[in-house]
> 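Take a look at this one; I'll ask things after.
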Amino acid sequence: MFISSKDNPKIKLYRKLASCKRTRDEEGLFIIEGARSCMDFLSHGICPECIFYTQRSVERYPELFNSQGFESIPEEKRFEVSLNVVEKMSGVNSTQGVFVEARKLDSTLSLEEIRSNGRYLVTVDLSDPGNLGTMLRTSAAVGLDGVILAGDTVDLYNPKVVRSAMGSMPKLKLYIQRDAETALKTLEKGGIKTCAAVVSGGKSVRELDFSGGCAVLIGNEARGLDEKIAGLCRERVTVDMSGDVESLNAAIAATILLWEMSKA
């Protein structure tokens, strides 16, 4: 089907999903933009609700449109769109002209979901979508067993998070447990050692024993972890810094901690 009107109901829904968390929650859907990211989702067997694309994108990215992932999408879920429609859909300055609507990926955190020797990242009140997306990408790269979003962490399906994650989301187990204390209790019951990342006063990242089941908690970019939550963790860990550097970007600190945890 060819869509040339920005007032088409499917285009209107896509734009609402892109701009409104409430719509994403009500519909149980989120959006993905970009040929590479869409290809990564399709290659993991995720059948989208629909895919939108331009004729130009078909010519530029034959590896996507000739793939088994694309061929598995029913024809009634494939929509070619005009360039004027793409301008209304895109969230970037230079669009690749490929867009997907997919079902949300997160699962409910439960004791049955926890691996006793697993490694996890817990974000608590993280506010920057770019930071969260980078952490997801890093988590997938080091082979984490799951990422848990707790507290008032930014929406997992914010388009900026999805874009920054660069197609890594389907490679991860994702959980949303807004009550951070409940998340900690579930991890501890599952045999997971919880480690609060703090700016100072914790064990050096070089000295902490990350072996066995382990979870690292990263707090808000400006405030860090709430002291009550940090106090509930079994360990505190600090990334050592030299000179006059007082703190690191949250995503950079997480990368260092996750790398050390993955080595254990």
> Compare all side-chain heavy atoms of Asn249 with those of Asn131 and state whether any distance is below 4.5 angstrom.
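A side-chain contact exists here, since the closest heavy-atom pair is under 4.5 Å.
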
> With side chain to side chain contact (heavy atoms under 4.5 Å, CB included) as the criterion, how do Tyr120 and Cys214 come out once you've worked through the C-alpha distance, each side chain's angles and the decisive distance to 0.1 Å?
CA-CA 6 Å; Tyr120 298 87; Cys214 189; over 6 Å; no

> If hydrophobic clusters are built from ILVMFWY residues whose side chains come within less than 4.5 Å, do Leu258 and Met241 share one?
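Shared cluster, yes.
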
> Could you tell me which non-hydrogen atom of Ala253 sits nearest to which non-hydrogen atom of Val239, and how far apart they are?
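In this case the closest contact between Ala253 and Val239 is O-CG2, 4.4 Å.
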
> Do Asp240 and Arg206 sit within salt-bridge range, that is, some charged N less than 4.0 Å from a carboxylate O?
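A salt bridge links Asp240 with Arg206.
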
> Between Thr108 and Ile176, is a side chain to side chain contact (heavy atoms under 4.5 Å, CB included) present by the stated rule, with each step listed?
CA-CA 7 Å; Thr108 300; Ile176 299 175; over 6 Å; no

> Test salt bridge (charged side-chain N to carboxylate O under 4.0 Å, His left out) on Arg56 and Glu59; report intermediate values, then the result.
CA-CA 5 Å; Arg56 184 181 299 172; Glu59 297 165 357; over 6 Å; no

> Apply salt bridge (charged side-chain N to carboxylate O under 4.0 Å, His left out) to residues Lys228 and Glu181 and explain how you reach the verdict.
CA-CA 9 Å; Lys228 181 180 179 181; Glu181 290 187 42; 3.0 Å; yes

> What residue among Ile229, Leu187, Leu232 forms side-chain contact (heavy atoms from CB on, under 4.5 Å) with Thr194?
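Only one option passes, and that is Leu187.
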
> Counting distance only, does the side-chain N/O of Thr153 pair as donor-acceptor with the main-chain N or O of Leu126 below 3.5 Å?
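The answer is yes, because a donor-acceptor pair under 3.5 Å joins these two groups.
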
> Any chance the side chains of Thr95 and Glu33 put a donor and an acceptor closer than 3.5 Å?
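Indeed, the side chains of Thr95 and Glu33 share at least one donor-acceptor pair under 3.5 Å.
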
> Should Val147 and Leu184 be regarded as members of a common hydrophobic cluster, given that ILVMFWY residues are connected when their side-chain heavy atoms come within less than 4.5 Å of each other, either directly or indirectly?
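Result: no, two separate clusters.
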
> Check whether the ring centres of Tyr53 and Phe65 lie less than 6.0 Å apart, and answer yes or no.
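Yes, they do, as the ring centres are separated by less than 6.0 Å.
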
> How are the rings of Tyr14 and Phe52 set to each other: parallel, tilted or perpendicular (split at 30° and 60°)?
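Because their plane-to-plane angle is over 60°, the rings of Tyr14 and Phe52 count as perpendicular.
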
> side-chain contact (heavy atoms from CB on, under 4.5 Å) with Glu63: which residues, sequence neighbours excluded?
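side-chain contact (heavy atoms from CB on, under 4.5 Å) list for Glu63, sorted by chain: Met39, Tyr61.
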
> Using only heavy-atom distances, determine whether the side chains of Glu221 and Ser127 contain a donor-acceptor pair under 3.5 Å.
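Yes, side-chain donor-acceptor contact under 3.5 Å.
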
> Do you know which two heavy atoms are closest between Ala165 and Ser168, and how far apart they sit?
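Smallest interatomic distance, heavy atoms only, reads O-OG, 2.7 Å.
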
> So how far is it from Leu29 CG to Tyr157 OH, rounded to the nearest 0.5 Å?
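If we round to the nearest 0.5 Å, Leu29:CG and Tyr157:OH are 10.5 Å apart.
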
> Is there a donor-acceptor pair closer than 3.5 Å between any side-chain N or O of Thr238 and the backbone N or O of Val198?
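Such a contact is found between Thr238 side chain and Val198 backbone.
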
> Report the distance from atom CD of Glu76 to atom CD1 of Ile73, rounding to the nearest 0.5 Å.
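Reported value, rounded in 0.5 Å steps: 11.0 Å.
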
> Tell me whether Glu227 is salt-bridged to Arg236, with the criterion being a basic N under 4.0 Å from an acidic carboxylate O.
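Arg236 and Glu227: salt-bridged.
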
> Would you say Leu13 and Thr23 make side-chain contact, with heavy atoms under 4.5 Å?
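Side-chain contact under 4.5 Å: yes.
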
> Please name the pair of heavy atoms, one in Ser72 and one in Cys47, separated by the smallest distance, quoted to 0.1 Å.
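In this case the closest contact between Ser72 and Cys47 is O-SG, 4.5 Å.
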
> Give the intermediate values and the outcome of side chain to side chain contact (heavy atoms under 4.5 Å, CB included) for residues Asn158 and Lys21.
CA-CA 7 Å; Asn158 180 308; Lys21 180 181 183 298; over 6 Å; no

> Would you call Glu75-Arg78 a salt bridge at under 4.0 Å N-O?
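Looking at Arg78 together with Glu75, the answer is no, because their closest N to O distance does not fall below 4.0 Å.
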
> From the options Arg163, Glu101, Glu49, select the one residue that forms a side-chain contact (heavy atoms from CB on, under 4.5 Å) with Ile31.
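Among Arg163, Glu101, Glu49, the one meeting side-chain contact (heavy atoms from CB on, under 4.5 Å) with Ile31 is Glu101.
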
> For Asp25, is there an ion pair with Lys104 - N to carboxylate O distance below 4.0 angstrom?
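Yes, charged N to carboxylate O under 4.0 Å.
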
> Under 4.0 Å between a side-chain nitrogen and a carboxylate oxygen: does that hold for Lys193 and Glu235?
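No salt bridge links Lys193 with Glu235.
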
> Take Phe41 and Cys38 through the test side chain to side chain contact (heavy atoms under 4.5 Å, CB included) and record every step on the way to the result.
CA-CA 5 Å; Phe41 274 80; Cys38 290; 5.8 Å; no

> Mind checking whether Ile192 and Ser116 have side chains closer than 4.5 Å, heavy atoms only?
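Sidechains of Ser116 and Ile192: no contact.
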
> Would a single hydrophobic cluster contain both Leu208 and Val216, if residues Ile, Leu, Val, Met, Phe, Trp and Tyr are joined by side-chain heavy-atom contacts under 4.5 Å?
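Cluster IDs for Val216 and Leu208 match.
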
> Applying the 4.5 Å side-chain criterion to the ILVMFWY set and letting contacts propagate, would Leu132 and Leu257 be lumped into a single cluster?
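Yes; tracing contacts between hydrophobic side chains, which count when under 4.5 Å, links both residues.
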
> Contact between Met135 and Thr123 at the side-chain level, heavy atoms closer than 4.5 Å - yes or no?
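SC-SC contact between Met135 and Thr123 confirmed.
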
> Which heavy atom of Ala102 sits nearest to which heavy atom of Ile46, and what is that distance?
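That closest heavy-atom pairing would be CB-CG2, 4.5 Å.
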
> Give, for atom CZ of Arg119 and atom CE of Met261, the distance between the pair rounded to the nearest 0.5 Å.
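These two atoms lie 7.0 Å from each other.
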
> Assess whether atom CD of Gln68 is packed by more than 12 heavy atoms of other residues, nucleotides or ligands within 6.0 Å.
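No.
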
> Quick check: does any side chain N or O of Thr54 sit under 3.5 Å from a backbone N or O of Ser57, one acting as donor and the other as acceptor?
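A pair under 3.5 Å: yes.
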
> Would you name the heavy atoms of Arg24 and Pro159 that are closest together and state the gap between them?
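Minimum heavy-atom contact is NH1-CD, 3.7 Å.
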
> Sub-3.5 Å donor-acceptor pair from the side chain of Gln177 to the main-chain atoms of Asp179, do we have one?
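Judged by distance alone, yes, a pair lies under 3.5 Å.
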
> Any salt bridge between Arg115 and Asp145, counting N to O under 4.0 Å?
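Yes.
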
> If Ile, Leu, Val, Met, Phe, Trp and Tyr residues are connected whenever their side-chain heavy atoms lie under 4.5 Å apart, and connections chain through other members, are Val142 and Ile148 in the same group?
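Cluster IDs for Val142 and Ile148 differ.
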
> Could you tell me whether a side-chain N or O of Glu80 sits under 3.5 Å from a main-chain N or O of Phe2, the two making a donor and an acceptor?
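Not confirmed, Glu80 side chain does not pair with Phe2 backbone.
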
> Roughly how far apart are His44 NE2 and Met169 CE, rounded to 0.5 Å?
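Rounded to the nearest 0.5 Å, the NE2-CE separation comes out at 12.5 Å.
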
> Please round to the nearest 0.5 Å and tell me the distance separating atom CE of Met89 and atom CG of Asn84.
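These two atoms lie 11.5 Å from each other.
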
> Looking at every heavy atom in both Ala264 and Ser211, which two are closest together, and how far apart are they?
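That would be CB-N, 3.6 Å.
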
> Is it true that, when you exclude Lys88 itself, more than 12 heavy atoms of the residues, nucleotides or ligands shown sit nearer than 6.0 Å to its NZ?
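It does not: Lys88 NZ has 12 such atoms or fewer within range.
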
> Does Phe30 reach the side chain of Ile32, with side-chain heavy atoms less than 4.5 Å apart?
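Side-chain contact under 4.5 Å: yes.
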
> Considering only heavy atoms from C-beta outward, does the side chain of Val98 approach that of Ile51 to under 4.5 Å?
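Yes, side chains in contact.
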
> Quick one: pull up CG in Asp209 and SG in Cys195 and give me the separation to the nearest 0.5 Å.
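Rounded to the nearest 0.5 Å, the CG-SG separation comes out at 9.0 Å.
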
> Between Asn220 (side chain only) and Asp125 (backbone N and O only), is there a donor and an acceptor less than 3.5 Å apart?
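Yes; at least one donor-acceptor contact below 3.5 Å.
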
> Answer yes or no: are there more than 12 heavy-atom neighbours, outside Lys160 itself, under 6.0 Å from its atom NZ?
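No, the 6.0 Å shell around NZ holds no more than 12 heavy atoms from other groups.
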
> Could you check whether any side-chain heavy atom of Leu136 comes within less than 4.5 Å of a side-chain heavy atom of Leu156, counting everything from C-beta outward?
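Touching, per the 4.5 Å side-chain cut-off.
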
> Side chains of Leu248 and Ile256, heavy atoms from C-beta outward: is any pair under 4.5 Å?
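Yes, their side chains come closer than 4.5 Å.
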
> Do side-chain atoms of Thr138 reach the backbone of Thr134 as a donor and acceptor pair under 3.5 angstrom?
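Yes, the answer is positive, given that a donor and an acceptor are paired below the 3.5 Å cut-off.
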
